[in-house]
Protein chains: 2
Amino acid sequence: MKTNVARSDAYLRQKGIKASFQRVSIFDYLHNTTAHPSVSQIFSDLHPNIPSLSRATVYNTINLFVEKKIAIPVQVDGVEARYDLAEPQHAHFHCATCGTIYDIPVEMGHAPKSLEGFEIHEAQLHYKGLCPSCR
Amino acid sequence: MKTNVARSDAYLRQKGIKASFQRVSIFDYLHNTTAHPSVSQIFSDLHPNIPSLSRATVYNTINLFVEKKIAIPVQVDGVEARYDLAEPQHAHFHCATCGTIYDIPVEMGHAPKSLEGFEIHEAQLHYKGLCPSCR
DNA sequence: ATTCTTGCAAATCATTTGCACTTTA
DNA sequence: TAAAGTGCAAATGATTTGCAAGAAT
């Protein structure tokens with residue numbers, strides 16, 4: 001996985017976020033994984049390289065990213081939240097056996113007519129079942 | 001709200017669940033609300049009528065219901081889970097302002113072709129935004 | 001009588017917060 | 001050097017668990 005700190009740095013600044021080393025590292029990490037990691041996973045993976053890193057900072061950063069619409073929380077029915085970069089609209093498939101979350105491209109249909117009168121900000125489509133390797 | 005304890009009782013038994021007073025009460029409660037309550041809400045609402053009720057029992061019962069596919073957790077991006085009876089397929093709309101979760105009837109489309117090879121057990125469609133009263 | 005359920009309290013786990021210290025613009 | 005970010009430890013809140021007492025079959 002090639003990281004591009006300079007680009008991440010610029011991207012964050014453009015989003016109005018001060019680009020600290022920790023933030024760039026976390027952004028870069030999210031950019032280079034398809035694992036939809038939890039805060040714990042992010043922390044565990046980055047901690048060896050950034051020994052001073054604290055969980056609180058990961059939480060701070062992730063919450064900031066979500067606020068700025070850079071990342072979105074992926075709801076799985078476990079306890080801890082998992083995160084994805086806010087990329088083009090796609091669905092998620094959560095494998096009940098291995099826990100992997102797959103990105104599924106979809107053509108997001110029009111909202112159902114029953115939603116007239118509502119102002120939709122976000123839509124999430126979430127599947128659960130068995131992935132090809134686990135079935 | 002008319003409750004029908006006898007019917008709830010029979011329904012639970014048919015699902016292979018021993019129909020204790022607490023379980024029937026909780027099932028009945030879920031049956032008579034559209035609020036998609038959290039465990040805390042269920043507890044607070046039932047506790048006055050069932051003073052001995054404990055939170056642990058509500059958790060036990062809800063988890064049992066989810067296991068038996070009688071109820072489903074509705075993922076909102078807050079902290080606590082909220083629950084819905086597993087009724088015919090519908091989407092949820094979560095109002096960012098008032099927190100209400102609306103049931104939205106939808107014609108669940110066919111799964112995207114990118115999901116070939118996956119075995120789908122559940123699909124959830126979740127909207128977030130402003131409801132008619134809050135926009 | 002045996003088995004399952006309940007209720008309480010303590011334990012756990014994810015997340016947030018307060019505050020002193022450090023970094024950065 | 002003022003403002004913002006970080007890290008630690010303690011606090012909070014939701015959920016789970018261990019276990020003794022109670023209810024059901």
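Since the model is a prediction, treat every value here as computed from it, not as a measurement. Proteins come first, then strands; the chains are lettered A, B, ... in the order of their sequence lines, and each starts at number 1.
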Practice task
May I have the step-by-step check of side-chain contact (heavy atoms from CB on, under 4.5 Å) for B/Ser133 and B/Cys98, ending in yes or no?
Solution key: CA-CA 9 Å; B/Ser133 340; B/Cys98 65; over 6 Å; no

Practice task
Verify whether the ring centers belonging to B/Tyr11 and B/Phe27 lie closer than 6.0 Å.
Solution key: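 Between B/Tyr11 and B/Phe27, the centre distance is under 6.0 Å.
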
Practice task
Please confirm whether A/Phe65 and A/Tyr83 have ring centers closer than 6.0 angstrom.
Solution key: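 No; A/Tyr83 has its ring centre 6.0 Å or more from that of A/Phe65.
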
Can you tell me which nucleotide in [options] comes closest to the side chain of [X]?
X	options	result
B/Val39	C/dC8, C/dT15, D/dT15	D/dT15
B/Ser20	C/dT6, C/dT17, D/dT6	C/dT6
A/Arg23	D/dG5, C/dT6, C/dT15	D/dG5
A/Ser52	D/dG7, C/dC8, D/dT6	D/dG7
A/Ala56	D/dC8, C/dC8, D/dT6	D/dC8
B/Ala81	C/dT5, D/dT15, C/dT17	D/dT15
A/Asn63	D/dG7, D/dT25, C/dT16	C/dT16

Over how many whole Å does the gap from [X] atom [atom1] to [N] atom [atom2] extend?
X	N	atom1	atom2	result
B/Ile62	D/dA14	CD1	C1'	14 Å
A/His47	D/dT6	NE2	P	15 Å
B/Ile26	C/dT6	CD1	C1'	11 Å
B/Leu64	D/dT17	CG	C1'	17 Å
B/Phe43	D/dG13	CZ	P	16 Å
B/Glu80	C/dA14	CD	C1'	14 Å
B/Leu12	C/dT5	CG	P	12 Å
A/Arg55	C/dT15	CZ	P	11 Å

Handout entry: Under-4.0 Å side-chain N/O to phosphate OP1/OP2 contact, A/Tyr59 with C/dT16
Key =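 So the side-chain polar atoms of A/Tyr59 never come under 4.0 Å of the phosphate oxygens OP1 or OP2 of C/dT16.
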
Handout entry: N or O in side chain of A/Gln22 less than 4.0 angstrom from D/dG7 OP1/OP2
Key =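 Looking at the OP1 and OP2 atoms of D/dG7, one of them is under 4.0 Å from a side-chain N or O of A/Gln22.
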
Practice task
On DNA chain C, check which nucleotide each of B/Lys18 and B/Thr57 is closest to and give me the residue with the more 5' one.
Solution key: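 The answer here is B/Lys18.
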
Exercise for the section: Could you check B/Asn60 against A/Ile50 and say which one's nearest nucleotide on DNA chain D is further toward the 5' end? Expected result: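 Its nearest nucleotide being more 5', the pick is A/Ile50.
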
Exercise for the section: Tell me yes or no: between the side chains of B/His92 and B/His94, is some donor less than 3.5 Å from an acceptor? Expected result: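 Note: B/His92 and B/His94 side chains miss the donor-acceptor criterion.
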
Problem - B/Glu87 atom CD, over 12 foreign heavy atoms within 6.0 Å - result: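 Atom CD in B/Glu87 is packed in, count exceeds 12.
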
